[in-house]
Chemist: 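Please see the structure below; I have some questions.
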Amino acid sequence: MNHLVKVAGAILLSCIMTTTAIAATPFSANSRILSPPVWMPYDILIDNENIPAPTSQEMFDENKMGYVEAYAGGQKFTNLLDGYSIVIPSDMAVDMSVSDVCAAFQNGTKTLKVFKESFDTSSQRLSYLNYSNKFLENTTNHKLEKRESYTSQDREYYILEWSRNKLSQISNDKNFYACVDVCIGARVYTFFFTANKPFSQCGGYMDIVNSLVTFDPVIAESNAFNKGYKKADISRLNSSAKRTYNELFADDSPFKMGIFPPDKFGGFSKMEEFEQMLGYKFCAFLVYTEFTDKASSPNLQYISKVNNYMTAISKNFQYAQKSGKAIELTLQTPLTRNTGSNMIYEILNGEYEKFITEYARLIARYPDVTVLFRPFNEMNGDWCNYSAFHTSRDPQLYVELYKYIYNEFKRAGCNNVIWVWNPNERSFPNYKWNHQDLYYPGDEYVDVYGITGYNTGSYYEGETWRSFDEIYAPIYERALRMNEKPIMITEFSCSANGGDKAAWIENMFNALPKYDKIKVGIWWHATDYDGENLSRPYFMDTPEGTMEVFDKYLN
């Protein structure tokens, strides 16, 4: 977790929209767009026209979120959930698998996602138009090709085109981008295009944008379909990792606690001290790692730096081997570096192959240590430079990054790794293009659904003291509706600033039986700083009385 930079994200929350609706329809592998319903007068749709309400409950099936029909040499797609139709090329496949977030379309050359946002004020809309494109401030990796705006027939159009270099580790890399925001009153329809060659060579995009017709939605947001997260096949795990997986995540497994043990001088003495005080063995401990930066390092020097770093990390594996604990191993990229380039682009261009290879080999050398591997956590937060906020507004780059690491681990024979996918509890910025579902790499790549939520206290302006239920009830409700994977809280804690921390912890333990699908929680025993002040003291043993509560409930 990068706690300090979350302060800026929290402040921005006041000017961005609320969370999108939760999907209510269960997963169906057969989700596809069907023919238009017989009651729909699709031939007379005009902007803002009311359409008849559905005549039967079957209209709330996932297959009825929209439909396609042949139209003028292409196909017309009508979105019943967001209330619009557009004309797209006949070879574009339609994907409504996350219909509560967007409609997606693709062929071999081009992709399109269409998002609908609504804003209460003009300042919120302006924030969306400006803040969404701040990645363009990185002129090292992004080249602005076009920026223009105009008004036509009571619609405002904001057009951006940009490009980046092709990345060697992405098959059919679509490195040309165009984003058109169409503002109609309080609504913004965002057309987000990618292409594997300049748009002038692949048919452009404004013909699609200009075909937009809007109408009042037919389907309620609460009935939107989302394919969700299916359980993964763990047959690839070795016997030791399977045993740990079943101990931690079986349906009848009780809640277990782990810890992030930041000893002042390194080591594990604080964790062991707590275990002795509590008479409780933590199931896992959290370790943070990050890519060793190549910037300003000659090749031989860089190799030496990587080797030294792997030696340091290996001490955690040795301790896990001796203590019988699992490691929640987190991999991130450096928050700051001495270059204008975003390291994510360099990784996806194969420039960090040496680091990834050595990292995977280290894990494979300890087959009896189970690794709860959490790569690039909280990706829907703008404090992470692997967030789409920093990488062309394109969550697909995160997906490609995740899969790249997964496949490298597979090649290295890492069969002791349980893969944990871990978005933040809320997206910053909270726009649909940054929705957590767009970062999901696929069922086969994720074993455990990781959730994260902190009671940050009230030290900073805009923050409020929140109970465990206030944080986790909405996350858990959504998980139950759309997720079949085991759930763990990958890191959480309660600040001592703003309320009674001991009472908060007692409330947490009393509430946990309601969250029986959450099997593991990792307490973040550390603090955030504001200068030299402890802005968010998350320590397990302070203030006085907190350890007594842990002792009461863990035993």
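What you are looking at is a predicted structure, and each value in this text was computed from that prediction instead of being measured.
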Chemist: My understanding is that only residues two or more places apart in sequence, or in another chain, count here; which of them pass salt bridge (charged side-chain N to carboxylate O under 4.0 Å, His left out) with E544?
Modeler: none
Chemist: Strictly below 4.0 Å, N to O, side chains only: are D528 and R536 in salt-bridge contact?
Modeler: yes
Chemist: Indicate whether any N or O donor in one side chain lies under 3.5 Å from an N or O acceptor in the other, for T456 and S495.
Modeler: no
Chemist: Counting only heavy atoms not in N130, do more than 12 sit closer than 6.0 Å to its CG atom?
Modeler: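 Yes.
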Chemist: Side chains of Y398 and T391: is there a donor and an acceptor less than 3.5 Å apart?
Modeler: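 Y398 vs T391: no donor-acceptor pair found between side chains.
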Chemist: Going by the rule side chain to side chain donor-acceptor pair (under 3.5 Å), which residues pair with S239 if we only count those two or more places apart in sequence or in a different chain?
Modeler: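 With neighbours one apart ignored, the set is empty.
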Chemist: Give a yes-or-no answer on whether the side chains of E491 and Y454 include a donor-acceptor pair shorter than 3.5 Å.
Modeler: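 Yes, a side-chain donor-acceptor pair sits under 3.5 Å.
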Chemist: Name all pairs fulfilling the salt bridge (Lys or Arg N to Asp or Glu O under 4.0 Å) condition that reach into residues 277-293, sequence neighbours left out, sorted by first residue then second.
Modeler: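 Every pair satisfying salt bridge (Lys or Arg N to Asp or Glu O under 4.0 Å) with a residue in residues 277-293: D293-R337.
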Chemist: Does NZ or CZ of K113 lie under 6.0 Å from the centre of the six-membered ring of F192, at an angle within 45° of the ring axis?
Modeler: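 Judged by the rule, K113 and F192 form no cation-pi pair.
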Chemist: Check each of Y472, Y515, Y476 against I451 using the side-chain contact (heavy atoms from CB on, under 4.5 Å) test, and report the only one that passes.
Modeler: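 Testing each of Y472, Y515, Y476 against I451, the sole residue satisfying side-chain contact (heavy atoms from CB on, under 4.5 Å) is Y472.
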Chemist: Please list all pairs meeting salt bridge (Lys or Arg N to Asp or Glu O under 4.0 Å) that have one or both residues in residues 499-522, counting only residues at least two apart or in different chains.
Modeler: D469-K514, E506-K552
Chemist: Mind checking what makes side chain to side chain donor-acceptor pair (under 3.5 Å) contact with N555, not counting sequence neighbours?
Modeler: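 Listed in chain order: D551.
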Chemist: Can you name the ring pair (Phe, Tyr, Trp, His ring centres under 6.0 Å) partners of Y406, sequence neighbours left out?
Modeler: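 Listed in chain order: W419, Y445.
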Chemist: What pairs with Q321 under side chain to side chain donor-acceptor pair (under 3.5 Å), at least two apart in sequence or on another chain?
Modeler: D368
Chemist: Tell me, which pairs form a salt bridge (Lys or Arg N to Asp or Glu O under 4.0 Å) where one or both residues lie in residues 305-328, sequence neighbours left out?
Modeler: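 Pairs touching residues 305-328 that pass the test: E275-K325, E328-R374.
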Chemist: Suppose the criterion is salt bridge (Lys or Arg N to Asp or Glu O under 4.0 Å): which pairs have a residue in residues 389-411, not counting sequence neighbours?
Modeler: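 Every salt bridge (Lys or Arg N to Asp or Glu O under 4.0 Å) pair that includes a residue of residues 389-411, provided the two are not neighbours, is E408-R411.
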Chemist: Please identify each residue that fulfils side-chain contact (heavy atoms from CB on, under 4.5 Å) with E548, with sequence neighbours left out.
Modeler: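 Not a single residue meets the side-chain contact (heavy atoms from CB on, under 4.5 Å) criterion with E548.
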Chemist: Checking R365 now: which residues fulfil salt bridge (charged side-chain N to carboxylate O under 4.0 Å, His left out) with it, not counting sequence neighbours?
Modeler: none
Chemist: Not counting sequence neighbours, which residues clear side-chain contact (heavy atoms from CB on, under 4.5 Å) with N349? List them please.
Modeler: L167, S168, E351
Chemist: Please confirm whether F260 and W524 have ring centers closer than 6.0 angstrom.
Modeler: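 Ring-ring flag for F260/W524: true, centres closer than 6.0 Å.
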